[in-house]
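What follows is a set of notes on a single structure, which appears directly below.
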2 protein chains.
Amino acid sequence: MREKVLVAAELFAEFGLDATKMEDVAAATGVPKATLYYYFEGKEDILAFLFVHVLDQLGRAVGGALRTGGTAAERLRAVVCAHLGVIESFPAASRALQFDLGRAARSPMIAARTEAAFVEPVGALLVEGARDGSLRPVAHPRLVATAILGAVTTTGLNALTPAAKRPLERVADDLATFVLSGVAA
Amino acid sequence: MREKVLVAAELFAEFGLDATKMEDVAAATGVPKATLYYYFEGKEDILAFLFVHVLDQLGRAVGGALRTGGTAAERLRAVVCAHLGVIESFPAASRALQFDLGRAARSPMIAARTEAAFVEPVGALLVEGARDGSLRPVAHPRLVATAILGAVTTTGLNALTPAAKRPLERVADDLATFVLSGVAA
DNA sequence: TACAGTTTAGACTCTCAGTACAGGCCCAGG
DNA sequence: CCTGGGCCTGTACTGAGAGTCTAAACTGTA
């Protein structure tokens, strides 16, 4: 069921939640409407499920990047690349997340998972970087982590826009350098 | 009428477009439903009007910051502060913009105005900074400008969240330093 | 007064989320 | 082979709310 529903991400990404009818989801996934309501509380619940899925991947990717060796600065670069990698792996769900960002932000559960998956660990990494001398100390690590999150998602998703579709690898370098310089020692 | 409708921003900011009924807008603004439909094509049209209003302010603020004297780096700092200033002046409309970011991004008109108000001029400023030596040269100025846009909006709006309401001035310094260092020479 | 444009109340249509429910499918226990 | 109880699904329904329509009221102008 989980895998089937992932297809709905493309609808949500293209049209947004409101413009997507439950029947469309049923048609696209092959799961009948009544069954969708059997498994999910409603449309929002399906969206939330997709978001959680993406955020889980993001959390895993960030965790992996943090566990690579090297200085905090090197690992931060790895985090940025991993983040872009997640966006690339789940373009539809990522764009859906951006599309209904506001809705996601209102959900305490989603907000908490964003914190846990990104802001928390990256904030800690900034602190660590100040200690190991590879990054400059910042007054509010979580604030800067949020700024990094915003920079990466906005840029990454912009690059996915049908209008300006450009390979994320090319984006990665400029973006990572920007972020790195922003907190470099 | 324009001023009356600005009140609706608070509804959109708090509940989002879909969860806000046309009757709610009528009640909040004091303008009867039929009259709203006389002036606007529909709910989305009202939202678009609000967004254009914010983006106009943003464009003006950025323009003003660019016209201050000094190096490109100094003016970039001014841009960041001006941007935060706009968010602070129009918190409801700004949050509504974030809330329905996806919808806004789908509208070519809104996307074009975002480009014109921010990405275009800031990209040009980055190029100028590379010439005057106050900023380091970047391969894709518009991409970096987009990253800056993302960093500032995400951080600024996060700071407005009821949960973590913290004065934007405090945010400004850390954020501006982050952005500045990110492109400093 | 007459006329034109603006504003409004109220009743209407139509789409769609979500519900209700009855039947169908499948499988374990007898 | 039956049978009972889960899980799944088709179909019909309810209700909310967007947007439309129309006729009347109001406003300013000549």
Side-chain angles (χ1 to χ4, degrees), chain A residues 1-53 92-93 95-97 99-110, chain B residues 1-53 92-93 95-97 99-110:
Chain A
M1 171 58 62
R2 293 187 169 199
E3 283 165 22
K4 285 184 190 169
V5 170
L6 286 182
V7 180
E10 273 149 43
L11 292 177
F12 294 146
E14 190 164 5
F15 306 108
L17 183 69
D18 334 306
T20 303
K21 287 177 272 187
M22 214 51 179
E23 285 177 32
D24 297 339
V25 176
T29 59
V31 180
K33 199 177 88 156
T35 308
L36 288 173
Y37 278 103
Y38 181 79
Y39 280 100
F40 298 95
E41 309 240 323
K43 228 167 31 160
E44 297 226 3
D45 197 34
I46 297 178
L47 192 70
F49 168 77
L50 293 174
F51 289 172
V52 166
H53 186 254
R95 285 176 57 218
L97 182 54
F99 200 126
D100 282 287
L101 191 59
R103 199 185 308 266
R106 309 270 129 189
S107 151
M109 189 260 286
I110 303 277
Chain B
M1 172 60 63
R2 294 188 169 198
E3 283 165 21
K4 286 183 191 171
V5 169
L6 286 182
V7 181
E10 272 150 43
L11 292 177
F12 294 146
E14 189 165 5
F15 307 108
L17 184 69
D18 333 307
T20 304
K21 287 178 272 186
M22 213 51 176
E23 285 176 33
D24 297 339
V25 176
T29 59
V31 180
K33 198 177 87 156
T35 309
L36 288 173
Y37 278 102
Y38 182 78
Y39 280 100
F40 299 94
E41 309 239 323
K43 226 165 37 158
E44 295 227 2
D45 197 33
I46 297 178
L47 192 70
F49 168 77
L50 293 173
F51 287 173
V52 167
H53 186 255
R95 285 177 57 215
L97 183 54
F99 200 126
D100 282 287
L101 192 60
R103 187 176 273 113
R106 314 267 128 191
S107 151
M109 189 260 285
I110 303 276

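Just so we're clear, the structure is a prediction, and the values are computed from it rather than from any experiment. Order of the sequence lines fixes the chain letters, A, B, ..., with proteins taken first and strands second; residue numbering starts at 1 for each chain. These numbers come from the heavy atoms of this one structure, side chains and all, not from hydrogens, waters or symmetry mates.
Here the CZ atom belonging to B:Phe12 is positioned 12.5 Å from the CG atom belonging to B:Leu97, to the nearest 0.5 angstrom. The OG1 atom of A:Thr29 lies 7.5 Å from the CD1 atom of A:Ile46; values are rounded to the nearest 0.5 Å.
Out of C:dA17, C:dA11, D:dG10, the shortest distance to the side chain of B:Lys33 is found at C:dA11. Out of D:dT11, C:dT19, D:dA18, the shortest distance to the side chain of A:Tyr37 is found at C:dT19. Nearest to the side-chain atoms of A:Tyr39 among the listed nucleotides D:dC8, D:dA18, C:dA9 stands D:dC8. In this structure, of D:dT11, C:dT8, D:dA18, it is D:dT11 that holds the atom nearest to the side chain of A:Ala34. Closest approach to the B:Tyr38 side chain among C:dT6, D:dA18, C:dA17 is made by C:dT6 (side chain taken as heavy atoms from C-beta onward).
In this structure, B:Leu36 places its CG atom 14 Å from C1' of C:dT6, rounding to the nearest Å. Spacing between atom NZ of B:Lys43 and atom P of D:dG17 amounts to 9 Å, rounded to whole angstrom units. Atom CG of A:Asp18 and atom P of C:dG18 are 11 Å apart (whole Å). The interatomic distance linking B:Met22 (CE) with C:dG10 (C1') rounds to 17 Å, in whole Å. If you take NZ of A:Lys21 and C1' of C:dC14, they are 12 Å apart, rounded to a whole angstrom. Atom CZ in A:Phe40 sits roughly 12 Å away from atom P in D:dC8 (whole-Å rounding). Between B:Glu44 atom CD and D:dG17 atom P the separation is 18 Å, expressed in whole Å. A straight line from NZ of B:Lys4 to C1' of C:dT8 spans 12 Å, rounded to a whole angstrom.
Here B:Asp18 does not pair with B:Lys43 in a salt bridge; the nearest charged N to carboxylate O distance is not below 4.0 Å. Under a 4.0 Å N-O distance rule, the pair A:Glu44/A:Arg103 qualifies as a salt bridge.
Proximity of A:Thr35 to the phosphate of D:dT9: a side-chain N or O atom is located under 4.0 Å from OP1 or OP2.
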For the pair A:Val31 and A:Tyr39, evaluate side-chain contact (heavy atoms from CB on, under 4.5 Å) and give the outcome as yes or no after the intermediate values. CA-CA 10 Å; A:Val31 180; A:Tyr39 280 100; 5.8 Å; no
